[in-house]
Amino acid sequence: MGFCSRSRAAELIRAGRVQLNGNVARNAEAPVRMGNDRVEVDNVLVRGKCLIYFMLNKPRGVVTTASDEKGRETVYAYVPEGAPWMGAVGRLDKASEGLLLLTNDSEWAARVTAPQTHLDKTYHVQVACEVEEPALEAMTKGILADGELLCSKRAEILRGGEKNTWLKIVLDEGKNRQIRRMLQALHIEVLRLVRVAMGPLELGRLGKGQCRELARSEKEAMDRAMGKTVARD
């Protein structure tokens with residue numbers, strides 16, 4: 001319903017602050033019939049909010065959390081003032097940058113990040129060496145790192161020089177720090193990691209630190225890419 005994040009909702013439920021049809025609900029997995037059941041937090045009715053979808057060009061050094069115990073800058077410093085609560089769709093680690101989606105539609109966010117969706121995520125990665133074909137082949141065939149098999153859907157050279165190379169790496173799964181771990185296993189140092197696309201949605205010319213709402217056509221293209229029928233007014 002766009003009231004808060006899933007983790008925050010679970011905290012509120014465990015604390016006994018959520019009522020379902022007048023009774024305190026303590027099971028975060030309990031089903032709710034949208035439009036029929038009455039959900040309250042601290043005795044205040046929760047109403048469904050207008051669903052919104054934003055994209056942010058996340059700068060390097062910014063963390064993807066609502067708050068940070070170390071006082072580091074978060075992505076929410078770049079959300080338009082006055083916008084309703086939105087959660088990040090997946091994560092980009094502090095050292096990574098580029099396309100990050102934000103929405104209050106938790107069901108849609110879960111679909112975007114679900115492994116079953118196989119939504120392509122495209123990265124441009126600068127590394128501190130020349131890269132030979134065997135390394136690219138290893139990334140597509142699979143690399144064992146920390147007991148886990150990691151592989152990319154595609155890996156190719158964008159441009160190279162004597163001291164560094166830019167790679168284009170496409171993933172259709174989202175394992176933790178997957179690209180960094182693959183390259184570390186190949187003894188390749190990552191200098192920059194930029195996510196430039198998710199499915200049909202491209203970062204384009206959105207400036208670093210800029211945030212904008214998705215056009216309806218962009219949202220519909222994402223839905224089609226995930227195999228969901230697009231409803232028309």
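When all heavy atoms of Leu186 and Ala138 are compared, the closest pair comes out as CD2-CB, 4.2 Å. For the residue pair Thr65 and Thr74, the shortest heavy atom distance occurs at O-CB, 3.1 Å. Of all non-hydrogen atoms in Leu102 and Cys211, the two that sit nearest each other are CD1-SG, 4.3 Å. Listed here is the closest heavy atom pair of Met198 and Lys121: CE-CE, 4.1 Å. Minimum heavy-atom separation, Ala109 to Thr103: CB-CG2, 4.0 Å. Ile188 approaches Ala135 most closely through the heavy-atom pair CD1-CB, 4.4 Å.
For the side chain to side chain donor-acceptor pair (under 3.5 Å) test with Ser96, the passing option among Lys58, Arg60, Arg180 is Arg180; the others fail.
Linking ILVMFWY residues whenever their side-chain heavy atoms come closer than 4.5 Å, directly or via other members, places Leu214 and Leu51 in the same cluster. Residue Trp166 is not grouped with residue Val125 when hydrophobic side chains (ILVMFWY) are merged at heavy-atom distances under 4.5 angstrom, including chains of intermediate members. Leu150 is not connected to Val170 by any chain of hydrophobic side-chain contacts under 4.5 Å among Ile, Leu, Val, Met, Phe, Trp and Tyr, and they are in different clusters. The hydrophobic clustering, which links ILVMFWY residues whose side-chain heavy atoms are closer than 4.5 Å, places Val62 and Tyr76 together. Tracing side-chain contacts under 4.5 Å through hydrophobic residues (I, L, V, M, F, W, Y), one reaches Leu183 starting from Val131; they form part of the same cluster.
Note: Asp93 CG to Asn176 CG = 8.5 Å, rounded to the nearest 0.5 Å. To the nearest 0.5 Å, atoms NZ (Lys94) and OG1 (Thr64) are separated by 11.5 Å. To the nearest 0.5 angstrom, Leu206 atom CG is 7.5 Å from Leu56 atom CG. Once rounded to the nearest 0.5 Å, the distance linking CE of Met182 with OG1 of Thr140 reads 9.5 Å. The CZ atom of Arg17 sits 10.5 Å away from the CG atom of Asn43 when rounded to the nearest 0.5 Å. Distance check, rounded to the nearest 0.5 Å: CD1 of Ile169 to CD1 of Ile179 gives 4.5 Å.
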Under 3.5 Å, which donor-acceptor pairs do the side chains of residues 141-148 form with other protein atoms, sequence neighbours left out?
from: Glu148; atom 1: OE1; to: Arg181; atom 2: NH1; distance (Å): 3.2
from: Glu148; atom 1: OE1; to: Arg181; atom 2: NH2; distance (Å): 2.9

Side-chain polar contacts of residues 151-159 - donor-acceptor pairs under 3.5 angstrom, sequence neighbours left out - could you list them?
from: Ser152; atom 1: OG; to: Met139; atom 2: O; distance (Å): 3.2
from: Lys153; atom 1: NZ; to: Asp120; atom 2: OD1; distance (Å): 3.0
from: Lys153; atom 1: NZ; to: Asp120; atom 2: OD2; distance (Å): 3.2

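Between the side chain of Asn21 and the backbone N or O of Arg38 there is at least one donor-acceptor pair closer than 3.5 Å.
Counting only heavy atoms from C-beta outward, the side chains of Pro59 and Lys208 approach each other to under 4.5 Å. The closest side-chain heavy-atom distance from Thr117 to Val112 is not below 4.5 Å.
Sequence neighbours left out, the pairs with a member in residues 189-203 that pass side-chain hydrogen bond (donor to acceptor under 3.5 Å, both in side chains) are Glu97-Arg192, Tyr123-Arg195.
Taking a 4.5 Å side-chain heavy-atom cut-off between Ile, Leu, Val, Met, Phe, Trp and Tyr, the cluster of Leu45 contains only that residue.
Dense packing is recorded around CD of Glu218, with more than 12 heavy atoms of other residues, nucleotides or ligands lying under 6.0 Å away.
Partners of Val196 according to the side-chain contact (heavy atoms from CB on, under 4.5 Å) rule, which considers only residues two or more places apart in sequence or in another chain, are Thr122, His124, Val194. Qualifying side-chain contact (heavy atoms from CB on, under 4.5 Å) partners for Ile52, counting only residues two or more places apart in sequence or in other chains: Phe54, Pro84, Met86, Asn104, Glu213.
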Given side chain to side chain contact (heavy atoms under 4.5 Å, CB included), test Gln184 with Val190 step by step and report yes or no. CA-CA 8 Å; Gln184 184 180 24; Val190 174; over 6 Å; no
Worked check of side chain to side chain contact (heavy atoms under 4.5 Å, CB included) between Val75 and Leu92: CA-CA 10 Å; Val75 294; Leu92 282 174; over 6 Å; no
Check the pair Trp108 / Lys219 against side chain to side chain contact (heavy atoms under 4.5 Å, CB included), numbers first and verdict last. CA-CA 10 Å; Trp108 187 79; Lys219 167 62 168 51; 3.4 Å; yes
